[in-house]
Novice: 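My questions all concern the structure below.
Excluded from the calculations below are hydrogen atoms, water molecules and symmetry mates; all remaining heavy atoms, backbone and side chain alike, are included. Quick caveat, the model's predicted, so the values are computed rather than measured.
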Amino acid sequence: MQIGLIFSTTEGQTRKIIQFAFDQLARSGHSVAMIEAKDAEAIDLSTFDAVIMAASVHVGQFQKEMTAFATAQSKVLNAIPTLFLSVSLAAAGDDAKDWEELGHIVDRFAKETGFSPKRVEHVAGAFKFTDYDFFKYWAMRWIESKKDPQGEAGTDREYTDWNALEAILKDWTNQVSDVRQDGAKPV
């Protein structure tokens, strides 16, 4: 299967997540292309059987490059199997309000872009203190103190569950392969 991986990243964790997806899918025998959303707005998606998109949540929204890509390509994306990986620190916790807000963020994204992902998975991100500027460092330290008070203050920490992500990718590609063989609606 030909799979396009379109992503936007701010501190690099989403790039790491999509690189992991690339490696897993390629090892499984799929033909995979990894493209940043800022370079993908005019790409011909008809060359792909399916698309995985990944973007991170910052201040309640995804990167503008991903929004522009999804808007420009919404008709094609809505017609093929898609998986949207929403990356955030909120996905690392179990706060019901945080999870509800993550759902609202994806809903707003879909409404704004006209793209309705066939499947959405929330993936936990990372604190990347060594990459933050002065102001972001202190803002993120405040968030860290509220969300992970046991953590070592100001230390880079990754929350991504790589085993869970691998299982998501396997399940999704199996579903897409089954649909392609049966000729049913895309997932």
Novice: Side chains of Leu5 and Ile3: does their closest heavy-atom pair fall under 4.5 Å?
Specialist: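 Result yes, sub-4.5 Å side-chain heavy-atom pair found.
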Novice: Using the salt bridge (charged side-chain N to carboxylate O under 4.0 Å, His left out) rule, collect all pairs that involve residues 15-33, keeping only residues at least two apart or in two chains.
Specialist: Arg15-Glu36, Lys16-Glu158
Novice: Distance check, rounded to the nearest 0.5 Å: Phe48 atom CZ versus Ile6 atom CD1?
Specialist: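 Here the interatomic distance stands at 6.0 Å.
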Novice: Does Thr113 use its side chain to pair, donor to acceptor, with the backbone of Phe115 at less than 3.5 Å?
Specialist: yes
Novice: Should Ser86 and Glu121 be marked as a side chain to side chain contact (heavy atoms under 4.5 Å, CB included) after you check the CA-CA gap, both sets of side-chain angles, and the distance that decides it?
Specialist: CA-CA 6 Å; Ser86 171; Glu121 293 289 343; over 6 Å; no
Novice: Can you name the closest pair of heavy atoms from Trp172 and Thr82 and give their distance?
Specialist: NE1-O, 3.4 Å
Novice: Return the minimal non-hydrogen interatomic distance between Met34 and Ile18, and the atom names on each side.
Specialist: SD-CG2, 3.6 Å
Novice: Could you name each residue pair satisfying salt bridge (charged side-chain N to carboxylate O under 4.0 Å, His left out) that touches residues 166-176, not counting sequence neighbours?
Specialist: Arg119-Asp171, Glu166-Lys170
Novice: How close do Ala50 and Val176 get, counting heavy atoms only, and between which atoms?
Specialist: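 For Ala50 and Val176, the tightest heavy-atom pair comes out as CB-CG1, 4.2 Å.
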Novice: I'd like to know whether Ile105 forms a side chain to side chain contact (heavy atoms under 4.5 Å, CB included) with Gln61, so could you lay out the CA-CA distance, the side-chain angles of the two residues, the decisive distance to 0.1 Å, and finally the verdict.
Specialist: CA-CA 6 Å; Ile105 291 167; Gln61 59 190 5; 5.6 Å; no
Novice: With side chain to side chain contact (heavy atoms under 4.5 Å, CB included) as the criterion, how do Leu165 and Leu85 come out once you've worked through the C-alpha distance, each side chain's angles and the decisive distance to 0.1 Å?
Specialist: CA-CA 10 Å; Leu165 181 56; Leu85 302 175; 4.2 Å; yes
Novice: About how many Å separate OG1 of Thr9 and CE of Met66, when rounded to the nearest 0.5 Å?
Specialist: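 Separation between the atoms: 10.0 Å.
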Novice: Of all residues at least two apart in sequence or in a different chain, which pass the ring-ring contact (aromatic ring centres under 6.0 Å, His included) check with His30?
Specialist: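 Once residues adjacent in sequence are excluded, His30 has no partner under the ring-ring contact (aromatic ring centres under 6.0 Å, His included) criterion.
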Novice: Taking all atoms of both residues into account, what is the closest heavy-atom pair of Leu169 and Ala21, and its distance?
Specialist: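 Smallest heavy-atom distance, with atoms named: CD1-CA, 3.6 Å.
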Novice: Mind jotting down which residue pairs meet the ring pair (Phe, Tyr, Trp, His ring centres under 6.0 Å) criterion with at least one end in residues 70-113? Sequence neighbours excluded, please.
Specialist: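 For residues 70-113, and leaving out neighbouring residues, the ring pair (Phe, Tyr, Trp, His ring centres under 6.0 Å) pairs sorted by first residue read Phe62-Phe84, Phe62-Phe109, Phe84-Phe109, Trp99-His122.
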Novice: Testing the 3.5 Å rule here: is there a donor-acceptor pair between the side chains of Gln63 and Ser56?
Specialist: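 Looking only at side-chain atoms, Ser56 and Gln63 do form a donor-acceptor pair, the distance falling under 3.5 Å.
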Novice: Go through the structure and list residues passing side-chain hydrogen bond (donor to acceptor under 3.5 Å, both in side chains) with Thr14, not counting sequence neighbours.
Specialist: none
Novice: Is it true that a side-chain atom of Asp49 and a backbone atom of Gln2 form a donor plus acceptor pair closer than 3.5 Å?
Specialist: yes
Novice: Quick one: does any side-chain atom of Lys118 pair with a main-chain N or O of Leu83 as donor and acceptor, under 3.5 Å?
Specialist: no
Novice: For a side-chain hydrogen bond (donor to acceptor under 3.5 Å, both in side chains) check, start with the C-alpha distance between Gln13 and Thr160, then their side-chain angles and the critical distance, and finish with the verdict.
Specialist: CA-CA 9 Å; Gln13 187 66 15; Thr160 306; 2.9 Å; yes
Novice: Could you list the donor-acceptor pairs under 3.5 angstrom formed between side-chain atoms of residues 69-77 and any protein atom two or more places apart in sequence or on another chain?
Specialist:
from: Thr71; atom 1: OG1; to: Thr67; atom 2: O; distance (Å): 2.8
from: Gln73; atom 1: NE2; to: Glu41; atom 2: O; distance (Å): 3.0
from: Gln73; atom 1: NE2; to: Ile43; atom 2: O; distance (Å): 2.7
from: Ser74; atom 1: OG; to: Thr71; atom 2: O; distance (Å): 3.4

Novice: If you take all heavy atoms of Met53 and Val51, which pair is closest and at what distance?
Specialist: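 In terms of heavy atoms, the two residues are closest at CG-CG1, 3.7 Å.
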Novice: Please list, chain by chain and in numerical order, all residues satisfying side-chain hydrogen bond (donor to acceptor under 3.5 Å, both in side chains) with Asp44, sequence neighbours excluded.
Specialist: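 Here the qualifying residues are Ser46.
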Novice: Quick check for you: to the nearest 0.5 Å, what is the distance between Ile168 atom CD1 and Thr173 atom OG1?
Specialist: 11.5 Å
Novice: Applying salt bridge (Lys or Arg N to Asp or Glu O under 4.0 Å), can you list everything that pairs with Glu65, at least two apart in sequence or on another chain?
Specialist: none
Novice: Can you list everything that forms a salt bridge (Lys or Arg N to Asp or Glu O under 4.0 Å) with Glu100? Sequence neighbours excluded, please.
Specialist: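 Once residues adjacent in sequence are excluded, Glu100 has no partner under the salt bridge (Lys or Arg N to Asp or Glu O under 4.0 Å) criterion.
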Novice: If the condition is salt bridge (Lys or Arg N to Asp or Glu O under 4.0 Å), which residues does Glu112 pass it with, not counting sequence neighbours?
Specialist: none
Novice: Give the minimum heavy-atom separation between Ile17 and Ala124, together with the two atoms involved.
Specialist: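 In this case the closest contact between Ile17 and Ala124 is CD1-O, 4.2 Å.
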Novice: What residues, two or more places apart in sequence or in another chain, satisfy salt bridge (Lys or Arg N to Asp or Glu O under 4.0 Å) together with Lys38?
Specialist: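 Applying salt bridge (Lys or Arg N to Asp or Glu O under 4.0 Å) to Lys38 gives none.
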Novice: My understanding is that only residues two or more places apart in sequence, or in another chain, count here; which of them pass side-chain hydrogen bond (donor to acceptor under 3.5 Å, both in side chains) with Ser116?
Specialist: none
Novice: Enter the distance from Asp107:CG to Glu101:CD here, rounded to the nearest 0.5 Å.
Specialist: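 Going from the CG atom of Asp107 to the CD atom of Glu101 covers 10.0 Å.
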